[in-house]
Trainee: 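Okay, handing you the structure first.
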There are 2 protein chains.
Amino acid sequence: MSAQKPTPQDLSAQIASDIRDAIIAGDLIVDQRLPSEAELADQFSVSRPTVREALKRLAAQNLIRTQRGATGGAFVNRMSFEDAYGQQITTSTLLLSMNSVSFETACEARYALERACAPLSAQRRTPDHLATMRAEIVRQGQTGLSDEAFCASDVAFHRALVDGAGNPVLSYQLAGAVEAMQPLMNMITYTQRDRDRIIALHTQIADALEARGGAQTDDTLAALGEYTQTLARQAFARRGHSADHG
Amino acid sequence: MSAQKPTPQDLSAQIASDIRDAIIAGDLIVDQRLPSEAELADQFSVSRPTVREALKRLAAQNLIRTQRGATGGAFVNRMSFEDAYGQQITTSTLLLSMNSVSFETACEARYALERACAPLSAQRRTPDHLATMRAEIVRQGQTGLSDEAFCASDVAFHRALVDGAGNPVLSYQLAGAVEAMQPLMNMITYTQRDRDRIIALHTQIADALEARGGAQTDDTLAALGEYTQTLARQAFARRGHSADHG
DNA sequence: AAAAATCATTTGTCTGACAATTGGTTCCGG
DNA sequence: CCGGAACCAATTGTCAGACAAATGATTTTT
């Protein structure tokens, strides 16, 4: 009966919640202009700085954009796929780096999700997607490529695979899984032999997609996932050893 | 040599970016206390309100938490899976509702991702997961259940399936795909016959998971996805008709 | 009619202040 | 010496008012 949440929330957080709810509920539609900061301050009976803090919270979530000038103000933002990508990647990256998620768990999730794209990508990939993948494979074979650059190319390869499915929602969901893995992948040192093996598997995947072989793609992805897990286990075993000696 | 980005960004956005980068780079570790607002204002040569706006931006992304009092301040937040779920769902929901993503595209993505969990869930699901699924199936069969409640139960059922994979990263990634679909699913009117069919498929899925049948689960999920698409097509066809007449 | 100057509105930023919270500190009493 | 109560200091939360900067609309001038 009393207050479950008396005032654990700041005013700016409450106001942000109110406006956010209105946007989600559709009471505020895309590109609609919110009242000016002064008006909002009046409506909520708070000061303008407090309103501004609330608006900044919403802006941080890409829910609104602001523009200054005579006809300026805060406008409900159409959440773009690009915005969503960015948030997804930031969130996923931090989630993985801060929660002692094992490489194994993250890797399993990534390859499970990616395999979900395989049949669709085999069906719909365009020559563009294939070209991107082939180009990344070539890059991965270059001598003198740093491990970091190798991983970046790996990510680009896999993004092309995912995008090949031609489903932007899928691409968005996968963005986090693929990109957030990169920092973890960077912790591995790749020998030339490792790279050769990965490149061979990438080539198999590209070939399978070119031949519209969904099942083949899926199998090869599974193999690549397994191989990645093996590499990681070796890397961490080595690290564990040197830790013992350090 | 001039400015690539002259000043398209607010000061508070720049400061938020700086701090965010520091967190992502690991320069600021979990639970570490940031300098006080006054100190930050000094360091960045801005006023305290500007610093506060920056901090609110970060708080909106669950990157920091603030606490007041003598030993209070802003602390780097450990991004919890729960936090990440919430952001993921909000972002996905808005993305779908604002971008005229077709039901077909969203549904395809959802079932593709969910099928990725099938083999893992068949392998690892606990009796708890099965019990949840069975309970939701029972609920779905209750007479007088509103379409909305039916959809909510559907979501709960699918979440149990996904959680059964025992991979929190996977659960997190799927949260958006499954939950964000609910508003779209709510647009469909389910006849008793529709519900019976869905319940039958759900039962098949639960049975398959109980029998550790990954492939069977996958097949049934595919069938359920197809059926959902069919229902949606019918619903939209009807809607189109009445639109013609209205 | 076109261009330039002006204006009004709105966000961005600053200054200074006070309230509220909260852990630590000091002081008093036993 | 110990325990508790009063006090203190640091910090965030909020407010009020002001000015700067941007920007579209308006008015004036050419």
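To find a chain, count down the sequence lines: A is the first, B the second, and so on, and within it residues start at 1. All figures in this text were calculated on a predicted structure; none of them were measured in a lab.
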Trainee: Determine, for A:Glu136 against A:Arg139, whether the closest basic-nitrogen to carboxylate-oxygen distance falls under 4.0 angstrom.
Mentor: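 Here A:Glu136 pairs with A:Arg139 in a salt bridge, since their nearest N and O are under 4.0 Å apart.
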Trainee: Is the closest basic N to carboxylate O distance between A:Arg110 and A:Glu114 below 4.0 Å?
Mentor: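 Here A:Arg110 pairs with A:Glu114 in a salt bridge, since their nearest N and O are under 4.0 Å apart.
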Trainee: When you compare the side chains of A:Gln61 and B:Gln87, does any donor N or O come within less than 3.5 Å of an acceptor on the partner?
Mentor: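 Short answer, no.
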Trainee: CZ of B:Phe75 versus C1' of C:dT22: gap in Å, rounded?
Mentor: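 It works out to 12 Å between those atoms.
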Trainee: Could you tell me if B:Thr105 and A:Asn167 have a donor-acceptor pair between their side chains, going purely by distance under 3.5 Å?
Mentor: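 Absent: no donor and acceptor within the cut-off.
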Trainee: Tell me yes or no: between the side chains of B:Gln88 and B:Glu179, is some donor less than 3.5 Å from an acceptor?
Mentor: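 There is no such pair (donor and acceptor under 3.5 Å, judged by atom type) between the side chains of B:Gln88 and B:Glu179.
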Trainee: Atom CD of A:Glu53 and atom C1' of C:dT11: how far apart are they, to the nearest Å?
Mentor: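 Taking CD of A:Glu53 and C1' of C:dT11, I get 15 Å after rounding.
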Trainee: Counting side-chain heavy atoms from CB outward, which of C:dT13, C:dA19, C:dT11 is closest to B:Arg68?
Mentor: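 In terms of side-chain proximity for B:Arg68, the closest of C:dT13, C:dA19, C:dT11 is C:dA19.
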Trainee: For A:Ser80 and A:Tyr85, which I'm curious about, is there any donor-acceptor pair between the side chains at under 3.5 Å?
Mentor: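 A:Tyr85 and A:Ser80 do not have a side-chain donor-acceptor pair below 3.5 Å.
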Trainee: Under a criterion of less than 4.0 angstrom to any heavy atom of chain A, what are the 5'-terminal and 3'-terminal contacting nucleotides of DNA chain D?
Mentor: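 Using the under 4.0 Å cut-off, the span is D:dG13 to D:dG24.
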Trainee: Heavy-atom nearest nucleotide on DNA chain C for B:Ser12 versus A:Gly72: which residue maps closer to 5'?
Mentor: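 Residue closer to the 5' terminus by nearest nucleotide: A:Gly72.
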Trainee: Are the charged groups of B:Glu108 and A:Arg124 less than 4.0 angstrom apart, N to O?
Mentor: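 Between A:Arg124 and B:Glu108 there is a salt bridge, with a charged N closer than 4.0 Å to a carboxylate O.
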Trainee: Is it true that A:Asp31 and A:Arg65 make a salt bridge, defined as a side-chain N closer than 4.0 Å to a carboxylate O?
Mentor: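 Looking at A:Asp31 and A:Arg65, the cut-off is met.
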Trainee: Between A:Ser45 and B:Leu55, just flag the one whose closest nucleotide in DNA chain D comes earlier from the 5' side.
Mentor: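 Here B:Leu55 is the residue nearer the 5' end.
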Trainee: Could B:Asp10 and A:Arg52 be called an ion pair, given the rule that one side-chain N must be under 4.0 Å from one carboxylate O?
Mentor: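 Judged by the 4.0 Å cut-off on N to carboxylate O distance, B:Asp10 and A:Arg52 do not form a salt bridge.
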Trainee: Kindly give the atom pairs (protein nitrogen or oxygen, nucleotide nitrogen or oxygen) under 3.5 Å for nucleotides 15-18 of chain C.
Mentor:
residue: C:dA17; atom: N6; partner: B:Arg48; partner atom: NH2; Å: 3.3

Trainee: Looking only at side-chain N and O atoms, does A:Thr93 offer a donor or acceptor that is under 3.5 Å from a partner on A:Thr90?
Mentor: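 Short answer, no.
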Trainee: Take atom CD of B:Gln67 and atom C1' of C:dT21, then tell me their distance rounded to the nearest Å.
Mentor: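 Spelled out: CD on B:Gln67 to C1' on C:dT21 is 10 Å.
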Trainee: For residues B:Thr126 and B:His129, is any side-chain donor paired with an opposing acceptor at under 3.5 Å?
Mentor: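 The answer is yes; a qualifying pair exists.
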Trainee: Rounding to an integer number of Å, can you tell me how far A:Leu11 CG sits from C:dA20 P?
Mentor: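 Going from CG in A:Leu11 over to P in C:dA20 covers 12 Å.
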Trainee: Could you write out each protein N or O paired with an N or O of nucleotides 7-9 of chain C at a distance under 3.5 Å?
Mentor:
residue: C:dT9; atom: O2; partner: A:Ala70; partner atom: N; Å: 3.1

